[in-house]
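The structure under discussion appears below in the form of structure tokens.
If you read the sequence from its start, that first residue is 1, and numbering goes on from there.
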Amino acid sequence: MPYILLIETSTKACSVALARGEKVLANELVLPDEYVHAEKLNLLIIKLLKTAGLDIRALNAVAFSCGPGSYTGLRIGLSTAKALCYVLNIPLIYVDTLKTMALKAKKKLTGMEKDSLLCPMIDARRMEVYTALFDFELRVIKDTAAVIIDDVFLSNYQSHRIYFFGDGAAKCRDILENHQVKYLPDIWPDASFMASDAYANFLHGHKQNIAYCEPLYLKGFNGMSK
């Protein structure tokens, strides 16, 4: 089974995890209070490998949560992932950030109806969010996009129970929440939930070109924001 380092830096939360195949062996997390990726990420990786008792040269791949999200956070995470892959001569794998959030929400919910939908949201400033819509099996129902939230955003799906969550969701509660659309607190991107997709991508040879790959930004850099 391959050892895969998992890196997640798309929001204020900064986390890393080590997986062997789909099994998470260890994880390290800085909670989402402020952006500390540049100061903390490499230290988290060192601590993670020490906790797991694994030499960095034993890694078989690095998986990066590719966004969308913070422009600066994504660049820091990807730069670190690229450097490790280049030095160790191992593949770089992308994992969908919003899908990872949906998996985390699904794991948190108990007794979730199978016709329910999962709507992760990452803050993109003002009333705009990065979002997508997934079904119970984490299949894409609505593609990833930067969206200005209004009261008709989920109107085509009102026959389903919908759960929305993430750091972009709290500001939308007054607009979206009703008896069918429920807000889930305390869901943020987390490297610990990247393992299954990372392993699947590794097995299928879905590796990135280290020189040319970029995160999924959706929007250009804004010097006023992170």
Side-chain angles (χ1 to χ4, degrees), residues 1-32 34-104 107 122 138 144 188-218 221 226:
M1 286 286 186
Y3 288 105
I4 305 177
L5 175 65
L6 313 169
I7 296 176
E8 169 36 65
T9 58
S10 61
T11 65
K12 288 183 180 180
C14 179
S15 59
V16 295
L18 177 68
R20 189 167 195 189
E22 292 184 308
K23 182 180 179 181
V24 175
L25 303 178
N27 64 286
E28 297 290 337
L29 169 68
V30 175
L31 292 174
E34 58 181 327
Y35 286 97
V36 294
H37 306 63
E39 297 88 351
K40 298 286 188 179
L41 181 56
N42 287 328
L43 296 176
L44 288 177
I45 294 171
I46 292 169
K47 184 178 179 182
L48 175 78
L49 294 171
K50 184 176 180 180
T51 298
L54 189 75
D55 188 290
I56 194 170
R57 291 169 292 187
L59 291 174
N60 300 108
V62 177
F64 169 66
S65 182
C66 67
S70 158
Y71 185 94
T72 303
L74 289 171
R75 292 203 72 81
I76 292 169
L78 182 56
S79 295
T80 301
K82 283 185 174 185
L84 288 169
C85 290
Y86 179 78
V87 169
L88 298 172
N89 193 28
I90 56 178
L92 172 64
I93 298 166
Y94 271 11
V95 173
D96 184 324
T97 301
L98 295 175
K99 186 178 179 184
T100 298
M101 292 174 66
L103 175 60
K104 185 175 182 178
K107 295 284 188 181
I122 293 176
L138 302 184
T144 299
W188 54 80
D190 185 338
S192 297
F193 291 85
M194 293 170 56
S196 57
D197 272 6
Y199 181 51
N201 288 340
F202 178 86
L203 288 180
H204 289 95
H206 295 163
K207 61 182 181 179
Q208 300 296 314
N209 184 303
I210 295 174
Y212 298 107
C213 61
E214 293 286 342
L216 178 60
Y217 290 125
L218 290 187
F221 175 67
K226 295 286 187 178

Residues 16-26 side chain polar contacts: donor-acceptor under 3.5 Å, at least two apart:
residue	atom	partner	partner atom	Å
R20	NE	M1	O	3.2
R20	NH1	Y3	OH	3.3

Taking the side chain as everything from C-beta on, heavy atoms only, tell me whether [X] gets closer than 4.5 Å to [Y].
X: Y94; Y: L78; result: yes
X: L44; Y: S15; result: no
X: I7; Y: I45; result: yes

Closest non-hydrogen atom pair between [X] and [Y], with its separation:
X: V62; Y: A81; value: CG1-CB, 3.8 Å
X: A102; Y: L138; value: CB-CD2, 3.8 Å
X: I4; Y: Y199; value: CD1-CA, 4.0 Å
X: I122; Y: P68; value: CD1-O, 3.2 Å

remark   = For N209, the side-chain hydrogen bond (donor to acceptor under 3.5 Å, both in side chains) test, sequence neighbours excluded, returns none
remark   = Residues passing the side-chain hydrogen bond (donor to acceptor under 3.5 Å, both in side chains) test with S65, sequence neighbours excluded, are E8, T97
key: T9 side chain to G73 backbone, donor-acceptor under 3.5 Å   =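 Side chain of T9 to backbone of G73, a donor-acceptor pair under 3.5 Å: yes, one is there.
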ask   = For the side chain of K104 and the backbone of P189, is there at least one donor-acceptor N/O pair under 3.5 Å apart?
value = no
List the atom pairs, donor and acceptor, that lie under 3.5 Å between side-chain atoms in residues 82-93 and the rest of the protein, sequence neighbours left out.
residue	atom	partner	partner atom	Å
K82	NZ	I210	O	3.2
K82	NZ	C213	O	3.0

ask   = Is there any side chain to side chain donor-acceptor pair (under 3.5 Å) pair reaching into residues 37-55, and which pairs are they, with sequence neighbours excluded?
value = D55-R57
query = What do the steps show when you test L74 against F64 for side-chain contact (heavy atoms from CB on, under 4.5 Å), and what is the final call?
reply = CA-CA 9 Å; L74 289 171; F64 169 66; 4.0 Å; yes
Approximate separation, where rounding is to 0.5 Å, of [X] [atom1] and [Y] [atom2]:
X: L5; Y: M194; atom1: CG; atom2: CE; answer: 8.5 Å
X: C66; Y: K99; atom1: SG; atom2: NZ; answer: 11.5 Å
X: F193; Y: L103; atom1: CZ; atom2: CG; answer: 6.5 Å
X: D190; Y: S10; atom1: CG; atom2: OG; answer: 10.5 Å

task = Kindly state each residue pair satisfying salt bridge (Lys or Arg N to Asp or Glu O under 4.0 Å) with at least one member in residues 63-78, sequence neighbours excluded.
result =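 Pairs touching residues 63-78 that pass the test: R75-E214.
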